[in-house]
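Scroll down for the structure; my scribbles are underneath it.
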Amino acid sequence: MSYLVLARKYRPRTFADVVGQDHVVKTLANALDSQRLHHAYLFTGTRGVGKTTLARILAACFNCETGVTSTPCGVCSACRGIADGNFMDLLEVDAASRTGVDDTRDMLTSAEFLPAQGRHKVFLIDEVHMLTGHSFNALLKTLEEPPEHVKFLLATTEAKKIPVTVLSRCLQFNLKNMRPEVIESQLDKILTTEGIAAEASALPVIARAARGSMRDALSITDQAIAHGAGAIATESVNDMLGIAGRDEVGVLLDALAARDGERLLAAGDELCDRSLDLGGILEDLQRAFHDLAVAVELGTSVQPPFERFGRAFSAEDLQLYYQIALLGSRDLEFAPDPKIGFDMTLIRLASFEPATSDHDIQPPKESRDSEPPKAREQASEQQAAPAEAVPGKPDEVDGDWHEIVAQVTPEAGVNAMILGHSNLLRRSEDHWTVRVDREHQSLLNDKRCEEIGSALSGYAGQTLRIDFEVGELSVESPAARRARLESQAREEAKAVLMDDANVRTLLSEFDGRLESAELLADQESPSTDTAASASDTGNAP
């Protein structure tokens, strides 16, 4: 007898055998037991989650010789025929290969005839979304007025591509991706039944690689058995799938915990040399960061094998690292090659640190590194202090900040926006501290800090060290001052116009109103030195 693959050998034959889809099984079983039968059922979900399997079980429920039931006997001719794929009244159609309207019409023509062997004639249309528009129109007529002996079971991975007119005539069941622990438990039962030795740590690897598909998990298991010469070992599975094991991920975490970028990149190079799946490595890092973050948040111990990192990272570190790894895995396909994208992700992990407070925005790395240790320590202490606890009054040193900002940012742009919403908090001969309001904190980065530092140094005529803080502004910002002066100028211009008798007469005659006005420079008289925008409610030209 030829070998039967695990996915076919252990395909569920009854609802009791189905795992991970309890919400669908319960609904179908209750409907069958109460004889509340619909004429069309639609099963949606990703590959390998049980769509066609449930459809075949439902077909057996309709045609079991013991009667319509949620527990078909499995031994009658109808049940055996459906299980073996030779039941005359179960017509399985692959819509991916039979998309034409003629194929659909032929199928629907046969629906008019009574069942030849069973109680109901069942049409199981797989990947139904592949039908053409004309085919759907032909199907729709039968779905609207189906013969009593006909049942339609539709399955698809793309429910959004099915016309709503068809969807509205079906009972729709959305199948879930199976959780890794559910897949792992089922694999353990199957391997125990098969008498195949498997390392406990290998099953979670297979379950994760299956990505929610039980069928894929069983196919991977078949491959792992062959690769391991009849047994399943974790190292063998990792090697077969080209993924990093927990020890390899631990090496990356060790380097990251030590803040050793050189060692982190070297470990990444070693993993690349082994032709491992770089996207899979980043996903494993995400899982590790998730497990560590949950342990930190709940105050629980970290499960092996990463228990040694329980206190290595702060909660803020883990949130940042998770986001970096997540975005890095998404960006791999856009990198010139995966290795470059992987390296850049590791560099970001080694270089970036979370901002732990509003006052934690730092100047460019080069200027920080060039400071003597004592100066850096003093600067850090000043930034950690409350905003009004620093020496000097902002009002006394901020007087010409508006003029400075106007000169260093003559054109609009991001840097002009940052400085426009800032105060000069402190300054000495070669060290200035700039406070930016919280609403514009997200605009700050090393590049813009460096550009602003260069512009201010050019204004001062010497190299300045610029520190940036984020917080509430204690005095009027340049942008707020500019907006206030412009508003005052407009009000003055309107007052000048309203003092002019000709303007008042014009507005009165045409039932108009003065909306805005602006003073123009270097003019001599009220009648010529003001530009105005007026609106009237009459019909004047």
Side-chain angles (χ1 to χ4, degrees), residues 46-48 157 177 180 183 201-213 215-217 219-224 226-228 233-293 305-306 309 312-313 317-354 365 445-447:
T46 57
R47 70 185 190 281
T157 55
N177 279 3
I183 295 177
S201 57
L203 299 186
V205 176
I206 296 175
R208 289 197 303 270
R211 298 183 179 275
S213 169
R215 184 178 63 216
D216 286 1
S219 298
I220 294 172
T221 302
D222 262 326
Q223 185 180 357
H227 189 273
T234 305
E235 184 176 353
S236 175
V237 172
N238 287 335
D239 184 56
M240 178 190 75
L241 296 175
I243 61 178
R246 292 297 181 98
D247 291 340
E248 288 85 351
V249 175
V251 171
L252 295 175
L253 293 176
D254 279 328
L256 186 59
R259 303 297 193 270
D260 190 335
E262 182 177 354
R263 192 171 73 174
L264 184 63
L265 285 173
D269 288 341
E270 182 181 352
L271 296 177
C272 291
D273 291 341
R274 292 165 52 190
S275 300
L276 298 181
D277 177 20
L278 301 182
I281 295 173
L282 293 179
E283 289 182 5
D284 287 340
L285 280 173
Q286 292 172 44
R287 292 189 182 94
F289 294 144
H290 163 267
D291 293 346
L292 293 170
F306 300 132
F309 300 107
F313 307 103
D317 286 334
L318 293 169
Q319 291 293 332
L320 176 63
Y321 294 158
Y322 179 85
Q323 287 296 322
I324 291 174
L326 176 65
L327 295 176
S329 61
R330 292 177 182 174
D331 292 344
L332 281 183
E333 62 177 302
F334 302 109
D337 66 65
K339 176 64 165 58
I340 291 177
F342 183 67
D343 283 347
M344 292 303 295
T345 302
L346 294 184
I347 290 173
R348 288 195 290 269
L349 286 171
S351 304
F352 290 3
E353 295 181 358
K365 186 177 185 296
N445 56 35
D446 281 356
K447 182 176 182 295

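Everything numeric here is computed off the predicted structure, so don't read it as measured data.
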Atom [atom1] of [X] and atom [atom2] of [Y]: how far apart are they, to the nearest 0.5 Å?
X: Leu332; Y: Ile340; atom1: CG; atom2: CD1; value: 11.5 Å
X: Arg259; Y: Leu349; atom1: CZ; atom2: CG; value: 10.5 Å
X: Leu253; Y: Phe309; atom1: CG; atom2: CZ; value: 4.5 Å
X: Phe342; Y: Asp337; atom1: CZ; atom2: CG; value: 12.5 Å
X: Leu285; Y: Ile324; atom1: CG; atom2: CD1; value: 11.0 Å
X: Cys272; Y: Leu265; atom1: SG; atom2: CG; value: 10.0 Å

[X] to [Y] - nearest heavy-atom pair and separation:
X: Ala257; Y: Ala312; answer: CB-CB, 4.0 Å
X: Ala288; Y: Val249; answer: CB-CG1, 4.4 Å
X: Glu333; Y: Arg330; answer: CG-O, 3.8 Å
X: Ala267; Y: Leu252; answer: CB-CD2, 3.7 Å
X: Leu264; Y: Ala350; answer: CD2-CB, 3.9 Å
X: Ile183; Y: Ala210; answer: CD1-CB, 4.3 Å

For [X] and [Y], indicate whether the former's side chain and the latter's backbone hold a donor-acceptor pair under 3.5 Å.
X: Ser213; Y: Arg47; value: yes
X: Arg263; Y: Asp254; value: yes
X: Ser351; Y: Arg348; value: no

- Message: Under the ring pair (Phe, Tyr, Trp, His ring centres under 6.0 Å) definition, can you give me all pairs with a residue in residues 248-292, not counting sequence neighbours?
- Response: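 Every pair satisfying ring pair (Phe, Tyr, Trp, His ring centres under 6.0 Å) with a residue in residues 248-292: Phe289-Tyr321.
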- Query: Side chains of Gln319 and Pro354: closer than 4.5 Å at any heavy-atom pair?
  - Reply: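 With C-beta onward as the side chain, the pair stays apart.
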- Kindly indicate whether the side chain of Arg208, heavy atoms from C-beta on, has any atom under 4.5 Å from the side chain of Arg287.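 They are in contact (side-chain heavy atoms under 4.5 Å apart), so the answer is yes.
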- Given Val251 and Leu271, is the side chain to side chain contact (heavy atoms under 4.5 Å, CB included) satisfied, shown in steps? CA-CA 10 Å; Val251 171; Leu271 296 177; over 6 Å; no
- Is Lys339 paired with Asp343 through a side-chain N to carboxylate O contact shorter than 4.0 Å?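 Yes, this pair counts.
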- Message: So, using side-chain hydrogen bond (donor to acceptor under 3.5 Å, both in side chains) as the criterion, who are the partners of Asp260 when residues are at least two apart?
- Response: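 side-chain hydrogen bond (donor to acceptor under 3.5 Å, both in side chains) list for Asp260, sorted by chain: empty.
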- Hey, mind stepping through Leu320 and Asp317 against side chain to side chain contact (heavy atoms under 4.5 Å, CB included) and telling me if it holds? CA-CA 5 Å; Leu320 176 63; Asp317 286 334; 5.8 Å; no
- Out of Asp222, Ile220, Asp239, Val237, which one pairs with His227 under the side-chain contact (heavy atoms from CB on, under 4.5 Å) rule? Asp239
